[in-house]
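Ligands are counted one by one from 1 in listed order, and the atoms in each one are counted from 1 as well. For this chain, numbers begin at 1 and follow the sequence in order. Bear in mind that the values here come from a model prediction, so they are computed numbers and not experimental data.
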Amino acid sequence: MDFTLSEEQLMIQQAARDFAQNELLPGVIERDDAQMFPAEQVKKMGELGFMGMMVDPKYGGSGLDTISYALVMEELSKVDASASVIVSVNNSLVCWGLEAFGTEEQKEKYLTRLSTGQSIGAFCLSEPEAGSDATSQKTTAVDRGDHYILNGTKNWITNGNSADIYLVIAQTDVSKGHKGINALIVEKGMPGFVIGPKENKLGIRGSDTHSLIFNDVKVPRENRIGDDGFGFKFAMKTLSGGRIGIASQALGIAAGAYELALKYSKERKAFGTEISNHQAIAFKLADMHVQIEAARHLVYKAAWDKDNGHDYDLSSAMAKLYASQVAMDTTVEAVQIHGGNGFVKDYHVERMMRDAKITQIYEGTSEIQKIVISRSILKK
Ligand code: CAA
């Protein structure tokens with residue numbers, strides 16, 4: 001078993017680390033405060049190839065493996081989880097879904113724009129009454145021959161306003177249950193497509209989260225992804241890969257908070273010595289270090305499974321479940337180590353603690369990951 005990263009992977013990791021320090025760190029507190037979308041930074045990430053990392057170069061992508069993607073997600077998330085969720089949704093939910101299941105025409109029309117960062121994508125599954133219970137879609141896509149008529153509301157959509165290409169999951173035939181669900185490509189500006197209000201969130205405040213409203217939106221049939229009724233499986237399969245992205249994000253948030261806490265503990269003095277010399281602090285750092293390393297192994301294993309053609313539904317669920325718990329625990333402890341300074345914005349860790357929480361919720365809550373994991377181990 002070889003745990004060594006390749007030269008190329010190390011280079012990409014370093015590029016992401018440099019980008020995070022030079023381009024994401026300046027202004028991250030202000031963007032969080034003002035709920036400001038990092039438009040300039042996203043444009044630069046497109047130029048660097050971070051927006052379509054796993055996409056075939058013939059569609060404008062970087063043609064990299066999932067491990068490289070996880071490395072980039074970790075480095076970006078150490079500094080700015082708002083920016084990294086934009087990258088994650090675009091890469092693993094939108095680009096990957098289109099490349100894996102789209103037609104050649106769809107790839108040429110949409111994928112190249114998405115993987116170069118000229119367009120941003122959004123993945124629209126959740127609804128006011130269909131979050132975890134994703135088969136209960138109320139949004140309808142009525143089949144009218146050469147087009148579908150789309151009606152309904154989607155909630156909590158990442159990149160809700162900044163996107164211009166939306167993958168929308170909707171029910172075509174209720175009598176068929178999840179087998180009557182389709183995935184449609186919807187473009188911003190299609191008549192009847194309205195961007196709803198922006199959510200005022202606890203964390204990842206630099207990313208824009210909106211509800212979306214569809215009023216008799218006419219979507220051409222050629223915008224359907226896969227065969228009729230493939231929409232739910234499309235969503236599930238795509239989310240399995242998405243969970244590797246969010247697990248990497250959680251890992252990055254944890255690692256970023258740990259690095260800040262470690263540095264602070266060697267500078268801050270109490271009772272005549274650096275606080276790292278007190279066992280109460282040193283043991284916290286030891287626990288954080290072990291948990292982060294364990295999360296990293298689960299994340300890399302899931303990415304490796306995907307790269308090697310193995311099933312990754314189970315490993316991605318385990319990686320997300322564990323890494324998101326580590327993100328939460330580590331950031332709480334990082335605030336504690338910083339004491340009063342941890343409670344104010346200048347030291348970053350309070351933002352990381354707020355950002356960590358969403359990793360236990362989106363792309364399948366921790367409880368949903370336990371459903372996926374328990375079903376998988378029980379059927380063996
Ligand atoms: N790959 C392929 N097919 C899959 C699959 C997978 N990973 N998981 C399930 N399926 C298939 C099943 O095989 C089944 O098909 P058949 O009947 O043909 O066998 C079908 O899908 C329905 O599966 P279930 O019976 O297991 O469905 P369920 O109602 O019990 O739900 C669930 C399963 C795992 C709970 C699922 O509903 C789920 O994952 N829910 C969470 C949804 C979620 O992650 N939402 C996140 C929103 S997106 C987001 O957050 C993006 C963002 O902006 C950041």
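- Both tests hold for Lys237 against Tyr312: distance to the six-membered ring centre under 6.0 Å, angle to the ring axis within 45°.
- Every atom of ligand 1 is numbered from 1 in the order shown, and the set under 4.0 Å from a heavy atom of Ser240 is 7 (N).
- The shortest N or O to N or O distance between His178 and ligand 1 is under 3.5 Å.
- Checked by atom type, the side-chain pair Tyr264/Asn341 shows a donor-acceptor distance below 3.5 Å.
- The ligand atoms of ligand 1 that sit less than 4.0 angstrom from a heavy atom of Thr135 are 29 (O).
- With contacts defined as side-chain heavy-atom distances shorter than 4.5 Å, the pair Phe123/Leu239 qualifies.
- The shortest side-chain heavy-atom distance between Gln249 and Glu363 does not fall under the 4.5 Å cut-off.
- Residue Ser126 has no N or O atom closer than 3.5 Å to an N or O atom of ligand 1.
- Residue Phe232 holds the heavy atom nearest to atom 23 (O) of ligand 1 of all those in Phe234, Phe123, Phe232.
- Here the heavy atom of the protein found nearest to atom 4 (C) of ligand 1 is Met236 CB, 3.7 Å.
- For the pair Lys201 (side chain) and Ser207 (backbone), a donor-acceptor distance under 3.5 Å is present.
- Other residues, nucleotides and ligands place more than 12 heavy atoms under 6.0 Å from the CD atom of Glu267.
- Less than 4.0 angstrom separates atom 32 (C) of ligand 1 from none of the non-hydrogen atoms of the protein.
- Polar contact check, Tyr362 against ligand 1: no nitrogen or oxygen pair lies under 3.5 Å apart.
- Close approach of ligand 1 to Ala134 is summarised as follows: ligand atoms under 4.0 Å from at least one heavy atom of the residue are 37 (O), 42 (C).
- You'll find the side chain of His348 stays beyond 4.5 Å of the side chain of Val79, heavy atoms only.
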